[in-house]
Visitor: 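Please see the structure below; I have some questions.
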2 protein chains.
Amino acid sequence: MAEREAFVDQIVQDLRVSGHRVTPQRVAIIREFVGRADHPSAEAIHQRVVAEFPMIAISTVYSTIRLLVEMGVAAEVSPGFTGARFDPNTSNHCHVVCTHCGSIADVPAGPELPTAEACAETLGSGFRVERLTLDIHGVCARCAAGGSDAPD
Amino acid sequence: MAEREAFVDQIVQDLRVSGHRVTPQRVAIIREFVGRADHPSAEAIHQRVVAEFPMIAISTVYSTIRLLVEMGVAAEVSPGFTGARFDPNTSNHCHVVCTHCGSIADVPAGPELPTAEACAETLGSGFRVERLTLDIHGVCARCAAGGSDAPD
DNA sequence: CTCGTTGCAAATCATTTGCAATGGA
DNA sequence: TCCATTGCAAATGATTTGCAACGAG
């Protein structure tokens with residue numbers, strides 16, 4: 001797909017423009033990552049790139065992914081968490097998650113939200129829907145004001 | 001709040017009924033956990049309970065939380081993940097996440113989903129909304145059929 | 001030539017597991 | 001009494017960090 005190559009070139013350009021260096025390892029990671037339909041872990045990306053660069057370190061993969069996320073061409077699937085968090089409230093509601101300090105606040109689920117039943121219907125019979133979570137990710141007031149880390 | 005004590009008693013009853021033992025440590029964890037409005041980590045719960053049981057182990061907290069999740073009185077905030085997963089698709093879409101094998105599939109975001117702009121409006125000026133994620137958690141067809149672990 | 005990047009190993013967290021001792025039912 | 005549960009320490013897995021060597025600009 002020439003489409004993908006163009007995208008890779010675009011990202012490489014962006015790297016250069018923003019003052020970052022274009023190394024063969026980075027290009028290999030970008031090439032393996034963009035245009036995919038799946039959601040790989042750092043480990044999975046590393047395993048793919050190892051075929052081309054047997055010496056590449058997992059820490060290089062982590063730093064490159066971080067770069068891609070900062071550039072806006074990649075996203076973390078569930079950003080804002082370090083470790084598991086547990087919720088005593090099992091009713092249907094949304095979370096407002098601060099990607100800086102990890103604080104989580106509740107927002108009652110509005111009626112405009114799809115129900116688990118509606119999703120089950122949309123998805124068909126293959127997948128058994130158990131829960132629906134709408135998370136709003138961003139930066140809370142305290143972090144935006146430069147506040148130091150303070151948990152939920 | 002007598003409300004909470006009643007809830008604690010209810011859970012304790014459920015424990016007994018399902019053949020689990022009611023230990024002082026478990027009661028303390030349940031008491032610290034239920035009725036809260038926040039979303040503590042295992043570490044946070046442990047720190048609270050240590051005041052009452054200085055010898056309690058973090059592994060006990062983990063196993064008790066797992067029990068509460070199985071009983072349906074607690075929920076993991078972002079269930080189904082082990083480690084970070086990254087998404088090359090930064091457009092607005094939903095994820096179907098299998099809580100068994102961790103596989104993630106994409107579903108295009110329907111028009112019935114609230115937009116980031118609408119959420120920002122609802123939340124007011126304190127929080128800077130960056131991204132909205134709707135995740136559908138459940139069990140995929142392969143896992144429901146007893147299939148072994150296979151990634152995305 | 002310079003300084004951002006890499007590779008590596010060790011450090012740091014989060015979570016799980018194995019096992020002997022304990023104490024609810 | 002008996003076995004689920006506890007505490008502890010060690011194992012595991014994910015991610016970060018410190019630092020010397022390297023190499024893109």
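Just so it is clear: chains get the letters A, B, ... in the order the sequence lines come, proteins before strands, and each one is counted from 1. Just the heavy atoms: all of them, side chains too, but no hydrogens, waters or symmetry mates, feed the values below.
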Visitor: In whole Å, what is the span from the CE atom of A:M55 to the C1' atom of C:dT5?
Guide: 17 Å
Visitor: Could you tell me which residues satisfy salt bridge (charged side-chain N to carboxylate O under 4.0 Å, His left out) with B:R31, sequence neighbours excluded, listed by chain and number?
Guide: B:E5
Visitor: Pair up each side-chain donor or acceptor in residues 8-19 of chain B with any protein partner under 3.5 Å, not counting sequence neighbours, and list the distances.
Guide:
{"residue": "B:Q10", "atom": "NE2", "partner": "B:D14", "partner atom": "OD1", "Å": "3.1"}
{"residue": "B:S18", "atom": "OG", "partner": "B:D14", "partner atom": "O", "Å": "2.8"}
{"residue": "B:S18", "atom": "OG", "partner": "B:L15", "partner atom": "O", "Å": "3.0"}
{"residue": "B:S18", "atom": "OG", "partner": "B:H20", "partner atom": "ND1", "Å": "3.2"}

Visitor: Tell me: NE2 of B:H46 to C1' of C:dC13, nearest whole Å?
Guide: 15 Å
Visitor: Can you measure B:I56 atom CD1 to D:dG7 atom C1' for me and round it to whole angstrom units?
Guide: 10 Å
Visitor: Of the residues in residues 11-27 of chain A, which ones touch DNA chain C at a heavy-atom distance under 4.0 Å?
Guide: A:H20, A:R21, A:T23, A:Q25, A:R26
Visitor: Pairs under 3.5 angstrom only: tabulate donor-acceptor contacts from the side chains of residues 60-78 of chain B to other protein residues two or more places apart or in another chain.
Guide:
{"residue": "B:S63", "atom": "OG", "partner": "B:T60", "partner atom": "O", "Å": "3.1"}
{"residue": "B:T64", "atom": "OG1", "partner": "B:T60", "partner atom": "O", "Å": "2.9"}
{"residue": "B:S78", "atom": "OG", "partner": "A:S78", "partner atom": "OG", "Å": "3.2"}

Visitor: If you round to the nearest 0.5 Å, how far is OG of B:S103 from CZ of A:F127?
Guide: 7.0 Å
Visitor: Tell me, please, which residues at least two apart from A:H137 pass side chain to side chain donor-acceptor pair (under 3.5 Å).
Guide: B:T133
Visitor: By salt bridge (charged side-chain N to carboxylate O under 4.0 Å, His left out), which residues pair with B:R26, not counting sequence neighbours?
Guide: none
Visitor: Once each nucleotide of nucleotides 12-17 of chain D is scored for protein heavy atoms under 4.0 Å, what B/S/- sequence comes out, 5' to 3'?
Guide: --SBBB
Visitor: For B:R36, what residues pass the salt bridge (charged side-chain N to carboxylate O under 4.0 Å, His left out) criterion, not counting sequence neighbours?
Guide: B:E32, B:D38
Visitor: List in chain and number order the residues that pass side chain to side chain donor-acceptor pair (under 3.5 Å) with B:E130, two or more places apart in sequence or in another chain; answer none if no residue qualifies.
Guide: none
Visitor: Compute the angle between the rotation axes at the two ends of the helix from C:dC1-D:dG25 to C:dA25-D:dT1, each taken over five pairs, rounded to 10 degrees.
Guide: 30°
Visitor: Please give, in whole Å, the distance from C:dT15 P to B:I45 CD1?
Guide: 11 Å
Visitor: Please identify each residue that fulfils side chain to side chain donor-acceptor pair (under 3.5 Å) with B:Q47, with sequence neighbours left out.
Guide: B:E43
Visitor: With sequence neighbours left out, what residues match A:H95 under ring-ring contact (aromatic ring centres under 6.0 Å, His included)?
Guide: A:H93, B:H39
